[in-house]
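In this chain, residues are counted from 1 in sequence order.
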Amino acid sequence: MDYIECLFISAAQEPRESPLERNLIHSVESALAHVERRLSQGLSRWLVVAVNDQPGLDQLDEPNFCVAHFLEQVSARWARNQVMLIADVGLSPYLASGHSVVLKEGLVDLEASYQAAIRLALRFADAGAHYVAPCLSLPDQTSRLAAALRSRDLVCGLMPYSTKFSSSLYGPYRSTVGSSLGLARKSYQFDFSDAEMALHQMDEDFRQGAEIAIVKPALPYLDVLQDACRRSRRPVAVYHVSGEYAMAMAAAKTGLLDPQAYFSEIHAAFARCGARYVIGYAADNFLHHVSD
């Protein structure tokens, strides 16, 4: 099992603290330095997420748009087989509503949502992303992005958030990217009591062209993760999300648990389920365990 570190990037000139302990909101330059350090430690995979002080999709057209600029710089400095860059195709950092889809009169505007995601995916693929990770929680997100990438002859894989449940555990992430939703649940995400529907979407995503699928969150859905890994011949990643990470770090501060022992235990659980990758915020703990 390999680790994919979530990497937050903004247009600011200097890095700053995030609500997630030990995880910065990077500038492009500090993110590049971080990648260099991680490569020396043995980590080479990142999920890249934008943090925007001023939401808006128009920034995609700017030549120095932070995420695209970072992807271009990594591609210029390291060979493609030395790193794995996954660009998050979520709309929440770009929309004032904080939602992952475009809403019109309170309803999901499917076509507008797909077109916005396509704009992101094409920009990131052009900049050198190895994969784009759509997280609209819409049924045709994978096929629509696959068709758009093919139309431009772009070599970029698809890694959708296939089983993304409506969860109370996304709060620290939303605070980091500046989403206005806070702890609000999203009605278009999967009901946490309906595992079969989520697994059906994973099957559909693979049929539509996905190379890797993501189960999100992690610990309350280990049964889903195990089922996903058993029914799929393609790799499955599990996302240990911000709320899960933040709770562990808060407990560690009070002395209620040892964070290294805790993260080693849960990473072992993900591996037992069959996960090929774990996405998260605890790369230091993962690397420490691997090096022991």
Side-chain angles (χ1 to χ4, degrees), residues 4 6 47-50 57 60 67-68 85-95 97-104 107-127 129-152 154-167 170 173-174 177 179 181 185-192 194-217 221 224 228 231-232 234-239 241 277 279:
I4 299 172
C6 189
L47 174 66
V48 187
V49 180
L57 287 167
L60 293 176
V67 171
L85 300 172
I86 305 144
D88 184 83
V89 179
L91 301 184
S92 56
Y94 305 93
L95 300 180
S97 68
H99 280 274
S100 299
V101 295
V102 177
L103 299 177
K104 185 176 181 180
L107 300 176
V108 177
D109 186 326
L110 288 173
E111 189 58 29
S113 299
Y114 289 135
Q115 289 301 321
I118 286 169
R119 285 186 67 188
L120 284 169
L122 292 178
R123 184 74 167 94
F124 297 150
D126 266 331
H130 296 72
Y131 295 89
V132 289
C135 58
L136 283 70
S137 298
L138 298 180
D140 296 323
Q141 61 179 7
T142 300
S143 61
R144 293 295 299 269
L145 267 62
L149 292 167
R150 284 196 304 269
S151 72
R152 295 270 295 273
L154 291 167
V155 179
C156 183
L158 286 154
M159 187 175 174
Y161 295 79
S162 295
T163 65
K164 183 179 179 182
F165 290 92
S166 182
S167 175
Y170 302 145
Y173 171 91
R174 291 176 183 162
V177 301
S179 169
L181 284 178
R185 291 177 60 203
K186 298 179 182 178
S187 60
Y188 46 86
Q189 294 172 349
F190 289 114
D191 183 335
F192 49 67
D194 193 349
E196 191 53 43
M197 183 62 74
L199 288 166
H200 172 72
Q201 183 58 51
M202 182 195 74
D203 294 340
E204 275 297 297
D205 282 331
F206 282 136
R207 185 184 65 80
Q208 293 174 24
E211 296 181 18
I212 305 169
I214 301 172
V215 174
K216 177 183 181 180
Y221 303 95
V224 178
R231 69 197 282 169
S232 172
R234 297 181 187 175
V236 175
V238 61
Y239 198 146
V241 301
Y277 302 102
I279 305 168

* To do: Would you check, one step at a time, whether the test side-chain contact (heavy atoms from CB on, under 4.5 Å) holds for Val236 with Ile212?
  => CA-CA 6 Å; Val236 175; Ile212 305 169; over 6 Å; no
* **Cation-pi, Tyr239 ring and Lys164 (6.0 angstrom, 45 degrees)** => no
Could you tell me whether the side chain of [Y] reaches within less than 4.5 Å of the side chain of [X], counting heavy atoms only?
X: Asp88; Y: Val48; value: no
X: Ser113; Y: Val108; value: yes
X: Val177; Y: Val49; value: yes
X: Leu91; Y: Val102; value: yes
X: Ser137; Y: Val101; value: no
X: Val224; Y: Leu199; value: yes
X: Ile86; Y: Ile4; value: yes
X: Val241; Y: Lys216; value: yes

If I compare all heavy atoms of [X] with all of [Y], which pair ends up nearest, and what's the gap?
X: Met202; Y: Ala228; answer: SD-CB, 3.5 Å
X: Gln141; Y: Pro134; answer: NE2-O, 3.5 Å
X: Met159; Y: Ala237; answer: CE-CB, 3.9 Å
X: Thr142; Y: Gln208; answer: CB-OE1, 3.5 Å
X: Pro93; Y: Ala50; answer: CB-O, 3.5 Å
X: Tyr161; Y: Ala133; answer: CE1-O, 3.5 Å

* Structure fact -> For Tyr221, the ring pair (Phe, Tyr, Trp, His ring centres under 6.0 Å) test, sequence neighbours excluded, returns Phe165
By salt bridge (charged side-chain N to carboxylate O under 4.0 Å, His left out), which residues pair with [X], not counting sequence neighbours?
X: Arg152; value: Asp126
X: Arg150; value: none
X: Asp203; value: Arg231

* Residues that Ser232 engages under side-chain hydrogen bond (donor to acceptor under 3.5 Å, both in side chains), provided they are two or more places apart -> none
* **Pairing residues for Ser162 by the side-chain hydrogen bond (donor to acceptor under 3.5 Å, both in side chains) criterion, not counting sequence neighbours** => Asp205
* **Residue pairs passing the salt bridge (charged side-chain N to carboxylate O under 4.0 Å, His left out) test where at least one lies in residues 132-147, sequence neighbours excluded** => Glu111-Arg144
* Structure fact -> Residues at least two apart in sequence or cross-chain that pass side chain to side chain contact (heavy atoms under 4.5 Å, CB included) with Ala125, listed by chain then number, are Leu149, Leu154, Cys156
Anything under 3.5 Å between a donor and an acceptor, one on a side chain of residues 117-124, the other on a protein residue two or more places apart or in another chain? List them.
residue	atom	partner	partner atom	Å
Arg119	NH2	Leu57	O	3.3
Arg119	NH2	Asp61	OD2	3.3
Arg123	NE	Leu60	O	2.6
Arg123	NH2	Glu62	O	2.8

* **Residue pair Leu110, Leu138: steps toward the side-chain contact (heavy atoms from CB on, under 4.5 Å) verdict** => CA-CA 8 Å; Leu110 288 173; Leu138 298 180; 3.9 Å; yes
